[in-house]
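Below, chain A is the first sequence line, B the second, and so on; all start at residue 1.
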There are 2 protein chains.
Amino acid sequence: MLGNTYDRQACSIARTLEVVGERWTLLILRDAVFAGLTRFSDFQRSLGIATNGLRDRLDRLVADGILRREPYSDEAAQYLPTEKGRALVPALVALTAWGDEWAAPDGAPIVYRRPGCDGVVHPELRCEHGDPVAPGDLLVDIGPGMTEQRLAEMDAIRSSRARDPRLVAPAS
Amino acid sequence: MLGNTYDRQACSIARTLEVVGERWTLLILRDAVFAGLTRFSDFQRSLGIATNGLRDRLDRLVADGILRREPYSDEAAQYLPTEKGRALVPALVALTAWGDEWAAPDGAPIVYRRPGCDGVVHPELRCEHGDPVAPGDLLVDIGPGMTEQRLAEMDAIRSSRARDPRLVAPAS
């Protein structure tokens, strides 16, 4: 298993994956958010995962503030998604959309709908002015959280590439 | 490491994670799509990952059709994202957005912009009629790819929950 060794990367994808980068973890969150499961035994039945593995992952999700643990009886607890956990819904929907398109030969197992109109919900990318952006058209810019170290590292990689005439042009 | 044991789940999130559910895998794709890295040595310098681990993951990404491998000299190859790989951009942007909000104390390291207006790009959820949906408002519906087995399994979990008056109402 990989440790949390991404900090050097100055990357929000890497930091997100430090929290939810284990596959079972995102499936636990899926069950908590979309299926409304709350109990240890619910998650275990849904996921078919070993007791220790589930315990570790639930504890980690609680420690990271993705789920909160509340007693509902003397001997048992329930796990509820927090605001921080629910904020992962757009990522879960985007992962769903990819799986529906590329790995669901029998069609989408689950469809997300908008209350009121019942319209099917899809992830989109839009700029701050509300205009849609094709995923292939994104520009990547340096933000305030980029580190000098990472910037220098990537510049070194890029300049070694620029000296190699055999390479195709980098993706836009 | 977990095997590809999710098929019972009839879930597009699980199927997506079978392909890109290892953290390094999504970071390799990030470097290929957003940083334009193409060579084995580029990925290795960017990620600081062991040779065997990187080799395994690149081979897997090629086998799954996320990257394609092309020779660029007698002894070396370059890896380029395919259409199927680029289709993961919305998921990468959604993972970035969560990390920017919840795990980037110094601000976003990377900002995605829309060509032309340079506006900052965010993931959104919209219904098929174009109306925005708050992530907490999604309805979850059964789609054509759902299996009888999984449906029965989830119904059994839900009915055991319904008999327990100590539980809070499930999340909408």
Engineer: Within a strict 4.5 Å, meaning less than it, do heavy atoms of the B:Pro132 and A:Arg114 side chains meet?
Structural biologist: no

Engineer: With a 4.5 Å limit on heavy-atom distance, are the side chains of A:Cys117 and B:Cys127 in contact?
Structural biologist: yes

Engineer: Below 4.5 Å, heavy atoms only, C-beta onward: do B:Asp141 and A:Ile110 meet side chain to side chain?
Structural biologist: no

Engineer: Does any part of the side chain of A:Arg126, heavy atoms only, come nearer than 4.5 Å to the side chain of B:Arg126, both counted from C-beta?
Structural biologist: yes

Engineer: Would you say CG of B:Asn52 has more than 12 non-hydrogen atoms from neighbouring residues, nucleotides or ligands within 6.0 angstrom?
Structural biologist: no

Engineer: Enter the distance from A:Ile13:CD1 to B:Leu92:CG here, rounded to the nearest 0.5 Å.
Structural biologist: 4.5 Å

Engineer: Quick check on B:Ile66 against chain A: is it the side chain, the backbone, both or neither that has a heavy atom closer than 4.5 Å?
Structural biologist: side chain

Engineer: Taking every heavy-atom pair that is under 4.5 Å apart, which of A:Leu88, A:Asp106, A:Val89, A:Asp100 has the most such pairs with chain B?
Structural biologist: A:Leu88

Engineer: Might you confirm whether atom CD of A:Glu128 has over 12 heavy atoms from other residues, nucleotides or ligands at distances under 6.0 Å?
Structural biologist: yes

Engineer: Tell me, side chain or backbone of A:Leu47 under 4.5 Å from chain B's heavy atoms, or both, or neither?
Structural biologist: both

Engineer: When you compare the side chains of A:Ser46 and B:Arg150, does any donor N or O come within less than 3.5 Å of an acceptor on the partner?
Structural biologist: yes

Engineer: How long is the gap from CZ on B:Arg86 to CG on A:Leu138, to the nearest 0.5 Å?
Structural biologist: 10.0 Å

Engineer: Would you mind checking which part of B:Arg113 comes under 4.5 Å of any heavy atom in chain A, side chain (CB onward), backbone (N, CA, C, O), both or neither?
Structural biologist: both

Engineer: Under the side-chain contact (heavy atoms from CB on, under 4.5 Å) criterion, do A:Ser160 and B:Asp42 qualify, and how do the steps go?
Structural biologist: CA-CA 9 Å; A:Ser160 86; B:Asp42 291 349; 4.3 Å; yes

Engineer: Give the minimum heavy-atom separation between B:His129 and A:Gly119, together with the two atoms involved.
Structural biologist: CE1-CA, 3.9 Å

Engineer: Which one of B:Ala94, B:Gly145, B:Gly99, B:Pro115 has the most heavy-atom pairs closer than 4.5 Å to chain A?
Structural biologist: B:Gly145

Engineer: Just verifying a value: how many Å separate A:Tyr112 OH and B:Asp137 CG, rounded to the nearest 0.5 Å?
Structural biologist: 15.0 Å

Engineer: Where do B:Val19 and A:Trp98 land on the side-chain contact (heavy atoms from CB on, under 4.5 Å) test, with the steps shown first?
Structural biologist: CA-CA 11 Å; B:Val19 179; A:Trp98 189 88; 4.1 Å; yes

Engineer: Checking the side chain of B:Thr16 only, and the main-chain atoms of A:Leu95 only, is there a donor and an acceptor separated by less than 3.5 Å?
Structural biologist: yes

Engineer: Does any heavy atom of chain B fall under 4.5 Å from the side chain of A:Gln44, the backbone, both, or neither of them?
Structural biologist: neither

Engineer: With chain B as the partner, which of A:Val20, A:Val140, A:Leu26 has the greatest number of non-hydrogen pairs under 4.5 Å?
Structural biologist: A:Val140

Engineer: Between A:Glu124 and B:Leu125, is there a donor-acceptor pair closer than 3.5 Å when you use the side chain of the first and the backbone of the second?
Structural biologist: no

Engineer: Would you say that A:Cys11 contacts B:Thr96 through its side chain, given a criterion of any heavy-atom pair below 4.5 Å between the two side chains?
Structural biologist: no

Engineer: Between A:Ser12 and B:Glu101, is the side-chain contact (heavy atoms from CB on, under 4.5 Å) condition met? List the steps.
Structural biologist: CA-CA 9 Å; A:Ser12 285; B:Glu101 186 175 355; over 6 Å; no

Engineer: At a 4.5 Å cut-off on heavy atoms, which part of B:His122 comes close to chain A: side chain, backbone, both, or neither?
Structural biologist: both

Engineer: Contact part of B:Asp131 toward chain A, heavy-atom cut-off under 4.5 Å: side chain, backbone, both or neither?
Structural biologist: both

Engineer: Taking side chain as C-beta onward, heavy atoms only, is A:Pro135 less than 4.5 Å from B:Pro90?
Structural biologist: yes

Engineer: Contact part of B:Ile49 toward chain A, heavy-atom cut-off under 4.5 Å: side chain, backbone, both or neither?
Structural biologist: neither

Engineer: So if I apply the side chain to side chain contact (heavy atoms under 4.5 Å, CB included) rule between A:Leu139 and each of B:Val121, B:Val111, B:Asp118, which one comes out positive?
Structural biologist: B:Asp118

Engineer: Counting heavy-atom pairs under 4.5 Å to chain A, which of B:Met154, B:Lys84, B:Arg30 comes out on top?
Structural biologist: B:Lys84

Engineer: Non-hydrogen atoms of chain A under 4.5 Å away: do they reach the side chain of B:Val120, the backbone, both or neither?
Structural biologist: both

Engineer: Less than 4.5 Å apart, side chain to side chain, heavy atoms only: is that true for B:Trp102 and A:Arg15?
Structural biologist: no

